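Presented below is the structure to which this report refers.
Only a predicted model underlies this, so the values are computations on that prediction, with no experimental measurement involved. The figures here come from the full heavy-atom set of this structure, side chains too, leaving out hydrogens, waters and symmetry mates.
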Amino acid sequence: MAEREIKFRGLKTFQIFSGEIKQVWIYGFYLKRGTYGDPGPQAHIFVYENGYEGYRVDSKTIGQFTGYSDQNSVDIYEDDILSFGEPKKIGVVEHFNGAFVVRCGREKSPRLLGNLVGKGVKVLGNRFEHPQLLTKKKRGAPR
């Protein structure tokens with residue numbers, strides 16, 4: 001059996017000196033743990049760069065790498081918004097019944113992500129930073 005890469009991403013929000021709020025994606029491995037002074041376990045993404053560095057991230061934004069990449073070699077994660085097929089459809093990547101699937105709007109049956117990869121799949125964004133891509137007004141793929 002081939003070894004697969006297991007990695008996660010999570011969105012970290014912080015405030016810079018000017019008072020501006022910034023968000024950045026942290027990529028690494030996921031661990032839910034408590035730290036000194038925290039009321040309970042918190043979601044962390046750990047990155048190995050000259051030792052392990054842990055970053056607290058918003059637990060709602062944590063998504064696992066699917067093992068697939070799009071037509072532009074962009075890694076596909078849970079909660080990514082994809083365009084695919086002819087005519088172009090837009091869907092969100094989810095983990096469902098032990099598999100990564102793409103759910104399109106109100107369609108009853110999700111599509112297996114593995115069956116779509118290699119057929120013009122493109123990552124458009126994710127549901128946290130680009131929710132407007134999932135509204136009815138924006139159903140077509142952006143140009």
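Considering CG of Leu134 and CD1 of Ile81, their distance stands at 4.0 Å, rounded to 0.5 Å. Here the straight-line distance linking atom CD of Glu78 with atom CZ of Arg127 works out to 9.5 Å at 0.5 Å rounding.
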Given Leu113 and Leu82, is the side chain to side chain contact (heavy atoms under 4.5 Å, CB included) satisfied, shown in steps?
CA-CA 10 Å; Leu113 177 60; Leu82 307 179; 3.7 Å; yes
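Contact between Leu112 and Ala99 at its shortest, heavy atoms only, is CD2-CB, 3.8 Å. Residue Arg103 comes nearest to Lys108 through the heavy atom pair NH1-O, 4.0 Å, listed as atom of the first residue, atom of the second, then distance. The heavy-atom pair separating Arg111 from Leu116 by the smallest distance is CB-CD1, 4.1 Å. Summarising the geometry of Thr13 relative to Gln23, their closest heavy-atom pair is OG1-NE2, 3.2 Å, with the distance given to 0.1 Å. Pairing each heavy atom of Gly91 with each of Cys104, the nearest pair is CA-SG, 4.0 Å. Considering all non-hydrogen atoms of both residues, Trp25 and Thr61 come closest at CZ3-O, 3.7 Å.
When each of Phe100, Phe8, Phe65, Tyr77 is paired with His95, the ring pair (Phe, Tyr, Trp, His ring centres under 6.0 Å) condition holds for Phe100 and for no other.
Val92 and Val101 are not part of a single hydrophobic cluster, where members link through side-chain heavy atoms under 4.5 Å apart. The same ILVMFWY cluster, assembled from side-chain heavy atoms under 4.5 Å apart, contains both Tyr30 and Ile6. Linking ILVMFWY side-chain heavy atoms closer than 4.5 Å, directly or via other members, places Phe14 and Ile26 in a single hydrophobic cluster. Grouping the Ile, Leu, Val, Met, Phe, Trp and Tyr side chains by contacts below 4.5 angstrom, directly or via other members, places Phe84 apart from Phe96. Under the 4.5 Å side-chain contact rule for hydrophobic residues, Val123 and Val102 share a cluster.
The 12-atom threshold is not exceeded at OH of Tyr68, counting heavy atoms of other residues, nucleotides or ligands nearer than 6.0 Å.
Contact check for Arg9 versus Asp80: side-chain heavy atoms found under the 4.5 Å cut-off.
Salt bridge status for Lys7 with Asp75: present, with a side-chain N to carboxylate O gap under 4.0 Å.
Using modelled atom types, no side-chain atom of Gln71 and backbone atom of Lys122 make a donor-acceptor pair closer than 3.5 Å. Put simply, the side chain of Ser83 never gets that close to the backbone of Lys88: no donor and acceptor are under 3.5 Å apart. With Asn126 contributing its side chain and Phe128 its backbone, the two residues share a donor-acceptor pair below 3.5 Å.
For Asp70, the side chain to side chain donor-acceptor pair (under 3.5 Å) test picks out no residue, with sequence neighbours left out.
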